[in-house]
2 protein chains.
Amino acid sequence: MHIFSKACEYSIKAVIFLATRTESDQRMRLREVSKAIGSPEAFTAKILQQLVRQRVLKSVKGPGGGFCLQEDARNIALYRIVLAIDGDSFFTDCAMGLKKCSETQPCPIHKKFRPIRDEIKEMLINTTILETAKSVQKGECVLKFFKHRE
Amino acid sequence: MHIFSKACEYSIKAVIFLATRTESDQRMRLREVSKAIGSPEAFTAKILQQLVRQRVLKSVKGPGGGFCLQEDARNIALYRIVLAIDGDSFFTDCAMGLKKCSETQPCPIHKKFRPIRDEIKEMLINTTILETAKSVQKGECVLKFFKHRE
DNA sequence: ATAAAATAGGATAAAAAGGTCCGAATATAT
DNA sequence: ATATATTCGGACCTTTTTATCCTATTTTAT
């Protein structure tokens, strides 16, 4: 099990990538995006479509077309993308699968797990696309693994 | 996405349940286990088999048979069960899916995510079956949701 | 010995996640 | 206007996860 679905992993990477290139509404084609983040092209197409529908990205068809961020998308939090693609079930459902897990009727790890889960949520809420994009631009982190250098 | 697979959720609950009933090598049948933890019976059978193979549980066939904990299993950590069923990929793989994600070539959330992920691991390592079983016995927590009362 | 009661194990099915393919629609540049 | 380049959308495929069913095997009690 992983915390994010593949679709969500690709979404976050794609949006960060576009944020590193959208100084001036520069458009990136599907192929460029999937190359940059190391994701399967056809599957990435579906995901970028979703992000357009969710108003995180804009798309333009035809020659010179491609994808770029929606106007204010540089300032959104990673959490917004997670919500758009995976929903909030990780943050609301019981880790042990209880239909209802509350303070009054908790699962055996509720008390210990909940604060940690909330930390993850806070982390995603407090981390912006802009900040991660800058970090990528500075070379402090990457969106796909490079065999040599970087 | 959830942190544990369904198989792992059921495993943890089943082992805790058996720990609440294995004072004297008391055996519990498949049906009793799946009823107690609210899991599908046939699927639970497969999971209990796995736990027997992993030497967490013992099983006895025939009349009066059933499942109980292996000798020392009351003192094992939840982490042992997670490892046996889901493996350690949650704790070793990159949250954003990078093939290799390290301090020298990290993903954009590596630095913030890793400490939290380690907290979850520590929590699972430091939480024993015995301790959760006692908590269930005291009525402080439950293994399945009860509509009315506790 | 035999019947009954349990788990073990194999085959299979259903649902979800991950992924591909291709034609339709659309925008651009010439 | 037309050819071209691109996204959009639907259908489909594959793998993994979740789940069921049935038969074989083993153990116990009589």
Side-chain angles (χ1 to χ4, degrees), chain A residues 1-14 18 25-35 37-70 82 85-87 89-90 93 96-97, chain B residues 1-14 18 25-35 37-70 82 84-87 89-90 93 96-97 99:
Chain A
M1 292 284 117
H2 289 116
I3 181 164
F4 305 127
S5 68
K6 282 286 167 195
C8 191
E9 285 178 13
Y10 299 150
S11 293
I12 296 172
K13 291 190 216 174
L18 288 169
D25 256 357
Q26 187 186 2
R27 284 168 197 148
M28 288 285 154
R29 280 164 299 188
L30 167 61
R31 171 153 299 154
E32 299 174 288
V33 174
S34 73
K35 282 243 172 81
I37 69 176
S39 63
E41 194 173 314
F43 190 44
T44 305
K46 294 298 185 198
I47 290 158
L48 296 183
Q49 272 177 53
Q50 268 189 272
L51 291 167
V52 168
R53 279 189 232 110
Q54 299 273 353
R55 313 212 174 270
V56 173
L57 302 182
K58 278 189 304 189
S59 69
V60 177
K61 291 176 184 174
F67 297 88
C68 64
L69 296 187
Q70 194 85 284
V82 175
I85 305 300
D86 280 351
S89 71
F90 179 85
D93 294 359
M96 293 198 42
Chain B
M1 292 283 115
H2 288 118
I3 181 164
F4 306 126
S5 68
K6 280 287 166 197
C8 190
E9 285 177 12
Y10 300 151
S11 294
I12 295 172
K13 291 189 218 175
L18 288 170
D25 253 359
Q26 188 188 4
R27 283 167 197 149
M28 288 285 152
R29 280 164 299 190
L30 167 61
R31 173 153 299 152
E32 299 173 290
V33 175
S34 74
K35 281 242 173 82
I37 69 175
S39 62
E41 194 175 314
F43 190 46
T44 306
K46 295 298 182 197
I47 290 159
L48 296 183
Q49 271 178 53
Q50 267 188 273
L51 291 168
V52 169
R53 279 190 231 108
Q54 299 274 352
R55 314 212 173 273
V56 174
L57 303 182
K58 278 190 304 189
S59 70
V60 178
K61 290 178 187 175
F67 297 89
C68 64
L69 295 188
Q70 192 86 284
V82 175
I85 305 299
D86 281 351
S89 71
F90 178 84
D93 295 358
M96 293 197 45
K99 286 198 195 80

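Chain identifiers are assigned alphabetically (A, B, ...) following the order of the sequence lines, protein sequences preceding nucleic acid strands; residue numbering begins at 1 within each chain. Note that this is a predicted model, so its numbers are computed, not measured.
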Rounded distance (Å) that lies between atom [atom2] of [N] and atom [atom1] of [X]:
{"X": "B/Lys58", "N": "C/dA8", "atom1": "NZ", "atom2": "P", "result": "13 Å"}
{"X": "B/Leu48", "N": "C/dA6", "atom1": "CG", "atom2": "C1'", "result": "13 Å"}
{"X": "A/Leu30", "N": "C/dT20", "atom1": "CG", "atom2": "C1'", "result": "13 Å"}
{"X": "A/Phe4", "N": "C/dA17", "atom1": "CZ", "atom2": "C1'", "result": "17 Å"}
{"X": "B/Glu41", "N": "D/dT18", "atom1": "CD", "atom2": "C1'", "result": "16 Å"}
{"X": "B/His2", "N": "D/dT18", "atom1": "NE2", "atom2": "C1'", "result": "14 Å"}
{"X": "A/Phe43", "N": "C/dG19", "atom1": "CZ", "atom2": "C1'", "result": "6 Å"}
{"X": "A/Gln50", "N": "C/dG18", "atom1": "CD", "atom2": "C1'", "result": "12 Å"}

Any chance the side chains of A/Thr44 and A/Ser39 put a donor and an acceptor closer than 3.5 Å?
yes
If you define the side chain from C-beta out and look only at heavy atoms, does anything of B/Val52 sit under 4.5 Å from B/Lys58?
no
Under a 4.5 Å cut-off applied to non-hydrogen side-chain atoms, are B/Met1 and A/Met1 in contact?
no
Name the residue closer to the 5' end of DNA chain C, choosing between B/Ser59 and A/Lys6 according to the nucleotide with the nearest heavy atom.
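Looking at DNA chain C, the more 5' nearest nucleotide goes with B/Ser59.
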Pick the nucleotide of DNA chain D nearest each of A/Gly62 and A/Gln49; which residue has the one closer to the 5' end?
A/Gly62
So which one's nearest nucleotide on DNA chain D is more toward 5', A/Arg29 or B/Pro40?
A/Arg29
Just compare [options] and give me whichever is closest to any side-chain atom of [X].
{"X": "B/Met1", "options": "C/dA17, D/dT18, D/dC8", "answer": "C/dA17"}
{"X": "B/Arg53", "options": "D/dT27, D/dT7, C/dG9", "answer": "C/dG9"}
{"X": "A/Ala42", "options": "C/dT7, C/dT20, C/dA27", "answer": "C/dT20"}
{"X": "B/Lys61", "options": "D/dA5, D/dT26, C/dA25", "answer": "D/dT26"}
{"X": "A/Phe67", "options": "D/dT7, C/dG18, C/dA4", "answer": "D/dT7"}

With a 3.5 Å cut-off and heavy atoms only, can you find an N or O donor on one side and an acceptor on the other between the side chain of A/Lys46 and the base of C/dG19?
no
Looking at B/Glu32 and B/Lys35, does any basic side-chain N land under 4.0 Å from a carboxylate oxygen?
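Here B/Glu32 does not pair with B/Lys35 in a salt bridge, since their nearest N and O are not under 4.0 Å apart.
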Which one of B/Leu18, B/Val33, B/Ile47 satisfies the side-chain contact (heavy atoms from CB on, under 4.5 Å) criterion with B/Leu57?
B/Leu18
Closer than 4.0 Å, any side-chain N/O of A/Tyr10 to the OP1 or OP2 of C/dG18?
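No.
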